[in-house]
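All remarks here apply to the structure that follows.
Throughout, a chain's letter reflects where its sequence line sits, starting with A, and its residues are numbered from 1.
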Number of protein chains: 2
Amino acid sequence: MGSPEGWEREIIILGPGEPIERIADLFLKNSKTHTSIIVGECDITYKGRASSKAPWGVRIVIYKADGTLIIHEGRDRDPLNWQPPGSLCIPSTVEGQLVITCNSRKYGYEVVVIRFKKILASIWSKLSTTGLEKRGTERDISEAIHSNPDLVVPGATVIGHEVDTPSGKIDLLLRDRDGRIYVIEIKNEKAGLSAVNQLIRYVEYIESVMKRTREEREKSVIGVLVSPGISERAKELLIKQGFIHIDPKTFKQTRHFSLTDYIYYKDNKERS
Amino acid sequence: MGSPEGWEREIIILGPGEPIERIADLFLKNSKTHTSIIVGECDITYKGRASSKAPWGVRIVIYKADGTLIIHEGRDRDPLNWQPPGSLCIPSTVEGQLVITCNSRKYGYEVVVIRFKKILASIWSKLSTTGLEKRGTERDISEAIHSNPDLVVPGATVIGHEVDTPSGKIDLLLRDRDGRIYVIEIKNEKAGLSAVNQLIRYVEYIESVMKRTREEREKSVIGVLVSPGISERAKELLIKQGFIHIDPKTFKQTRHFSLTDYIYYKDNKERS
DNA sequence: TTGTTTATGTCGATA
DNA sequence: TATCGACGTAAACAA
């Protein structure tokens with residue numbers, strides 16, 4: 001393919017019928033700086049943490065400049081096969097077929113071997129590595145409560161944040177005017193049993209640190225699960241413990257932090 | 001691009017400089033049956049469970065026939081943005097730019113909007129949906145122990161499998177000649193605190209069901225964590241409980257089930 | 001459909 | 001580097 005507009009600096013496109021030696025050569029030469037995309041009929045062998053074999057089929061193979069390999073079929077969000085960033089792909093020609101061998105050392109030794117029976121398209125292009133801005137995450141909810149503990153407990157103040165325990169980190173610790181302690185666990189999804197179990201362990205730990213009598217403990221340390229929804233079994237367990245569940249959509253907008261997007265989503269979810 | 005070899009039945013390839021109306025048309029017409037691939041400079045807005053905005057950059061947009069949308073940059077295994085299978089992408093032309101709007105109803109309402117400033121390549125091709133054969137998974141290890149409990153406890157027999165508890169399912173339950181019960185938890189990766197916590201909850205449940213005295217319990221129910229490796233803190237917790245850790249690479253090959261690939265991997269990991 | 005668990009999870013933050 | 005927990009986790013599997 002010619003390039004009358006001079007766009008060969010931005011992209012290289014080869015159609016079907018190109019000699020595989022040329023594809024192998026371009027792959028080898030460009031894969032450190034460009035993303036390689038090959039569409040073609042291939043089979044794939046993987047051996048590493050698990051093992052797999054994919055039969056002949058038409059797939060997209062993408063090898064990024066950071067050493068990531070992903071292979072996609074006509075379904076699913078996740079790749080059929082892949083290798084993590086930092087992997088090394090080497091093209092070769094075996095018995096008239098293009099073979100790409102991809103090695104990774106991230107988890108011991110892993111290898112993916114792609115053998116092409118037919119290549120329909122191959123592309124090289126420099127892709128961005130910009131990333132993106134996110135909002136509406138667990139951290140945002142945590143920050144919202146941190147700036148304004150009233151959202152969860154009226155008149156409470158923050159006494160701890162990311163508090164380390166043998167069972168993990170407590171998202172937030174609050175204390176109200178009467179000295180009651182609240183262990184806050186935040187999930188940005190419908191909470192299940194594991195979230196409640198986590199909360200129980202945190203509360204047990206705080207109680208053990210406080211070293212009070214049983215009666216005092218039960219009055220003074222309360223688990224609070226903040227999440228959009230909670231499963232039935234999880235709610236049972238939570239209530240049995242005397243804990244509280246709060247849905248962040250009840251926060252509404254505050255002067256401290258805008259949860260507009262989050263609430264927008266929740267409202268839509270409610271409707272569905 | 002012409003097609004002297006008649007390969008237009010297998011793939012359509014457009015280079016830079018194609019009118020966006022043609023691309024929009026092909027996208028609309030083919031996206032139900034073919035996977036669409038567009039390489040170009042775009043910005044992306046996402047609103048749904050979270051929100052995000054990606055600035056102008058060169059990216060690969062893939063829209064599969066099952067309604068999956070994925071957008072990749074020049075780094076990382078996971079897509080920058082995506083929509084799950086079953087989503088609907090509609091192309092439009094706005095102020096001379098191609099805009100693809102992708103809606104999903106899987107989690108309430110979610111939308112990804114891709115606006116192209118420049119398109120470098122667009123491809124349509126029918127991809128396979130073959131899937132693959134896997135081995136060396138947690139299930140394989142579970143089946144290996146099930147067929148041959150001696151791998152874990154000499155002379156033991158299987159008395160339970162996928163046993164339901166309030167905290168989740170127990171992978172395997174064994175009993176040895178002396179009547180001791182073993183709760184087996186299998187992980188196919190290095191085990192952390194959560195794995196040990198899970199095991200503790202299972203053992204507590206089995207003990208509570210057995211309703212024996214404290215002394216009897218401590219003798220009779222033993223937690224066994226089967227995993228390739230265990231983190232330091234997790235091991236402390238495990239030992240404090242009097243539980244056992246077993247690495248499946250010690251299984252070796254048995255006449256019941258071949259763990260060849262698994263062991264192959266572990267051996268390589270050891271070396272690294 | 002719903003809930004639960006696994007995953008070659010991936011990825012980022014932190015000690 | 002190893003560990004830990006969140007993720008718009010996704011995908012498989014059982015109920």
Sub-4.0 Å heavy-atom contacts from residues 192-203 of chain B onto DNA chain C, ordered by number: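 Hits under 4.0 Å, by residue number: none.
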
Between [atom2] on [N] and [atom1] on [X], what's the gap in Å once rounded to a whole number?
{"X": "A:K187", "N": "C:dG3", "atom1": "NZ", "atom2": "C1'", "answer": "17 Å"}
{"X": "A:I186", "N": "D:dC7", "atom1": "CD1", "atom2": "P", "answer": "10 Å"}
{"X": "A:L237", "N": "C:dT4", "atom1": "CG", "atom2": "P", "answer": "12 Å"}
{"X": "B:L69", "N": "D:dA10", "atom1": "CG", "atom2": "P", "answer": "13 Å"}
{"X": "B:L172", "N": "C:dT6", "atom1": "CG", "atom2": "P", "answer": "12 Å"}

Parallel, tilted or perpendicular: rings of B:H146 and B:H161 (30°, 60°):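 Taking B:H146 first and then B:H161, their aromatic rings stand perpendicular (interplane angle over 60°).
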
Listed partners of A:T68 passing side chain to side chain donor-acceptor pair (under 3.5 Å), at least two apart: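 So A:T68 forms a side chain to side chain donor-acceptor pair (under 3.5 Å) with A:D66.
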
With B:D43 via side chain to side chain donor-acceptor pair (under 3.5 Å) - residues at least two apart: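 B:R115.
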
Listed once per pair and sorted, the side chain to side chain donor-acceptor pair (under 3.5 Å) pairs that draw on residues 73-84 of chain A, sequence neighbours left out: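 Every pair satisfying side chain to side chain donor-acceptor pair (under 3.5 Å) with a residue in residues 73-84 of chain A: A:S52-A:N81, A:R59-A:E73, A:E73-B:T130.
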
Indicate yes or no for a side-chain donor-acceptor contact from [X] to the backbone of [Y] under 3.5 Å, with no hydrogens or angles considered.
{"X": "B:S147", "Y": "B:E143", "answer": "yes"}
{"X": "A:Y63", "Y": "A:C89", "answer": "yes"}
{"X": "A:E185", "Y": "A:V196", "answer": "no"}
{"X": "A:S128", "Y": "B:V58", "answer": "yes"}

Short N/O separations, protein against nucleotides 1-3 of chain D, under 3.5 angstrom:
residue, atom, partner, partner atom, Å
D:dT3, OP1, B:K190, NZ, 3.3
D:dT3, OP2, B:K190, NZ, 2.3

Pairwise 5' ranking along DNA chain D for B:S104 and B:E162, keeping only the more 5' one: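 It is B:S104, whose closest nucleotide lies nearer the 5' terminus.
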
Nucleotide-resolved protein contact map, nucleotides 8-15 of chain C, B/S/- at heavy-atom distance under 4.0 Å: BSSSS---

Sugar-phosphate, base or nothing in reach of B:D171, heavy atoms under 4.0 Å: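 Answer is sugar-phosphate: B:D171 comes under 4.0 Å of backbone atoms only.
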
Expressed in whole Å, how much space separates the [atom1] atoms belonging to [N] and [M]?
{"N": "C:dC11", "M": "D:dA11", "atom1": "P", "answer": "15 Å"}
{"N": "D:dG5", "M": "D:dT9", "atom1": "C1'", "answer": "12 Å"}
{"N": "C:dT4", "M": "C:dT8", "atom1": "P", "answer": "22 Å"}
{"N": "C:dT10", "M": "C:dT6", "atom1": "C1'", "answer": "14 Å"}

Beyond-backbone contact of A:L174 with A:V224, side-chain heavy atoms, under 4.5 angstrom: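 Side chain of A:L174 against side chain of A:V224, heavy atoms only: no contact under 4.5 Å found.
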
Pairwise side-chain contact, B:L69 with B:I114, heavy-atom cut-off 4.5 Å (strictly under):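 The answer is yes; the side chains approach within 4.5 Å.
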
Side chain to side chain contact (heavy atoms under 4.5 Å, CB included) partner of A:L238, the single match among A:L199, A:I200, A:I244: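 Only match with A:L238 under side chain to side chain contact (heavy atoms under 4.5 Å, CB included): A:L199.
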
